[in-house]
Number of protein chains: 2
Amino acid sequence: MSYPGLMAIDRDAVLKAAVTVLSRQPTAHLDEIARVAGISRASLHRIFPGRDALIREVGLLGLRRYNSALDTAAIETGDTAAALRRLVEVLVPDAALCAFLAGENQLFDDPELCALWEEQDARVRAFFLRGQQEGAFRIELPAGWLSEAFFDLLAGVGWAVQDGRLAPRDSAFALTELFLGGALRRSTS
Amino acid sequence: MSYPGLMAIDRDAVLKAAVTVLSRQPTAHLDEIARVAGISRASLHRIFPGRDALIREVGLLGLRRYNSALDTAAIETGDTAAALRRLVEVLVPDAALCAFLAGENQLFDDPELCALWEEQDARVRAFFLRGQQEGAFRIELPAGWLSEAFFDLLAGVGWAVQDGRLAPRDSAFALTELFLGGALRRSTS
DNA sequence: CTCATTTGAGACATCCATGTCTCAGCTGAG
DNA sequence: CTCAGCTGAGACATGGATGTCTCAAATGAG
């Protein structure tokens, strides 16, 4: 007998494969995605009704992961700089997923996804605003820009890691240090 | 009588329109690009043989602008931090073009474009390496990562400005300050 | 083993963007 | 005005990805 849960397992594996392919090549064919996922195009169609549905699911997965990362890092709690370091640690493994989100602007035509994103982005903006009010983050830079730039760098980490230009081991450090401390060396003379 | 130069004028205007559309929606139809450019699809096809040719031209334009920006900013000359500030000033007006480049990974299938990019990226990497050796940039962060992160942030500026989330007037400051100084406020207590 | 279920390979049909063509209208030089 | 050339609108063909189907092979429970 087959139980409905079986497909759920496949779904996750397929979604993961889809992220791998789509984050680099948003226009990749379904054949390619199916190949990387190790299933046939027919089975891919059995799991997801069509391309749009697949893309949407990947987007939803990304937003859910991002949101749960905000929870796990407890960004509303305690020192904001420390919270950001936690957030990076949690988020870096899903950097490719965020890279996909960053590159797929068309995805926000969907009202539900758009609303979800807006909600989460507001949360991150509020986080940076709190950090500014508490004196941790610079006030010359708009909180909205900090939020967006952080996400852009996260996506950049995702691309760099996938292409082998950045070691996964170093990615969290590279992101945290550059974003928080900047490229400029502090004069220690 | 018509002179060959006339089409060159149209080319630039069309390319500019194409950048506007494609940087946000890489899969935009030619009809949409033609509409934004204010010409018919037929004329668009008269200027560029096809979609691939158009995309390629936009990519080439981006690479050329990026390269000439490196020249204009004279990144091989003098203080590296000051050079980076100059580079940002020169590059920010073309941020949308860089956003297009950042999102169009498939573009580097073309050997010529790929070689051009590699050449320019090496130049930027050398710039950051020089800055590190001169004590201006932090040595904990790989020069390659600095180069890539800079470009990612530049693309982020392009997207943010196009969507009205960042004022063009503030974009150079936002980019320079975040990249060089980071988000963390220096303790002045 | 037996049978129900699932999967994969392939053959279609369909849709849509692209590429090509024609022709009428406009423009600008003479 | 006259005419050559450019442009836009639209029709049409084409190609390629997608969506749907069938059937044989593999799987796996009993």
Side-chain angles (χ1 to χ4, degrees), chain A residues 1-61 100 103-107 109-110 113, chain B residues 1-61 100 103-107 109-110 113:
Chain A
M1 199 221 300
S2 73
Y3 54 101
L6 187 66
M7 184 176 268
I9 301 175
D10 283 337
R11 275 180 71 98
D12 288 351
V14 170
L15 281 176
K16 189 175 175 181
V19 169
T20 305
V21 177
L22 290 173
S23 63
R24 300 215 131 282
Q25 195 143 31
T27 63
H29 302 180
L30 293 184
D31 306 72
E32 176 70 6
I33 297 173
R35 198 182 59 80
V36 173
I39 62 176
S40 69
R41 200 163 65 89
S43 291
L44 180 60
H45 249 280
R46 287 184 187 107
I47 303 176
F48 299 100
R51 175 176 242 278
D52 292 342
L54 174 60
I55 300 283
R56 203 187 118 91
E57 286 298 310
V58 175
L60 249 164
L61 175 65
F100 167 80
E104 200 76 359
N105 298 82
Q106 187 169 7
L107 199 139
D109 292 346
D110 188 297
L113 290 190
Chain B
M1 198 217 306
S2 73
Y3 53 102
L6 187 64
M7 184 176 269
I9 301 174
D10 283 337
R11 273 180 72 97
D12 288 350
V14 170
L15 281 176
K16 188 176 176 181
V19 169
T20 305
V21 177
L22 290 173
S23 63
R24 279 246 124 264
Q25 195 143 31
T27 64
H29 302 177
L30 293 184
D31 307 70
E32 175 70 6
I33 297 172
R35 199 182 59 79
V36 173
I39 62 176
S40 68
R41 201 163 65 88
S43 290
L44 178 60
H45 212 274
R46 285 182 188 110
I47 302 176
F48 300 100
R51 176 177 242 277
D52 292 343
L54 174 60
I55 300 284
R56 205 186 116 90
E57 287 298 312
V58 175
L60 248 162
L61 175 64
F100 168 79
E104 200 77 359
N105 297 81
Q106 189 170 8
L107 199 139
D109 292 347
D110 189 297
L113 290 190

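Since the model is a prediction, treat every value here as computed from it, not as a measurement. To find a chain, count down the sequence lines: A is the first, B the second, and so on, and within it residues start at 1.
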Next on the checklist: Quick check on D:dT18: is either OP1 or OP2 less than 4.0 Å from any side-chain nitrogen or oxygen of A:His45?
Outcome noted: no
Checklist outcome for this item: In whole angstroms, the gap separating P of C:dA17 from NE2 of B:His29 amounts to 4 Å
Item to check | First of B:Gly38 and A:Ala42 reached from the 5' end of DNA chain D, by closest nucleotide | outcome: B:Gly38
Checklist entry - Within this structure, what is the CG-to-P distance between A:Asp31 and C:dA9, rounded to whole angstrom? => result 12 Å
Next on the checklist: Rounded to whole Å, how long is the line connecting atom CZ of A:Phe48 with atom P of D:dT18?
Outcome noted: 15 Å
Checklist outcome for this item: Between CG of A:Asp10 and P of C:dT7 the distance, given in whole Å, is 6 Å
Checklist entry - Do you know the tightest heavy-atom contact between B:Leu22 and B:Ala28? => result CD2-CB, 4.4 Å
Item to check | Between C:dG19 (P) and B:Ile47 (CD1): distance, integer Å | outcome: 15 Å
Item to check | Length of the CG-C1' vector between B:Asp52 and C:dT18, whole Å | outcome: 10 Å
Item to check | Side chains of A:Gln25 and A:Thr27 in contact at under 4.5 Å (non-hydrogen atoms) | outcome: yes
Item to check | A:Ser40 side-chain N/O to C:dA9 phosphate OP1/OP2 under 4.0 Å | outcome: no
Checklist entry - CG of B:Leu15 to CG of B:Leu60: how many Å apart, nearest 0.5 Å? => result 10.0 Å
Item to check | Spacing of B:Leu30 atom CG and B:Arg41 atom CZ [to the nearest 0.5 Å] | outcome: 7.0 Å
Checklist entry - If you take atom types as modelled and just measure distance, does the side chain of A:Arg41 reach the base of C:dG10 with a donor-acceptor pair under 3.5 Å? => result no
Checklist outcome for this item: Rounded to whole Å, CD1 of B:Ile33 lies from P of C:dA17 at a distance of 13 Å
Checklist entry - Can you check the A:Arg35 CZ to C:dG8 P distance for me, whole Å? => result 14 Å
Checklist entry - Of all the nucleotides listed (C:dG19, D:dG19, D:dG8), which has the minimum atom distance to the side chain of B:Arg51? => result C:dG19
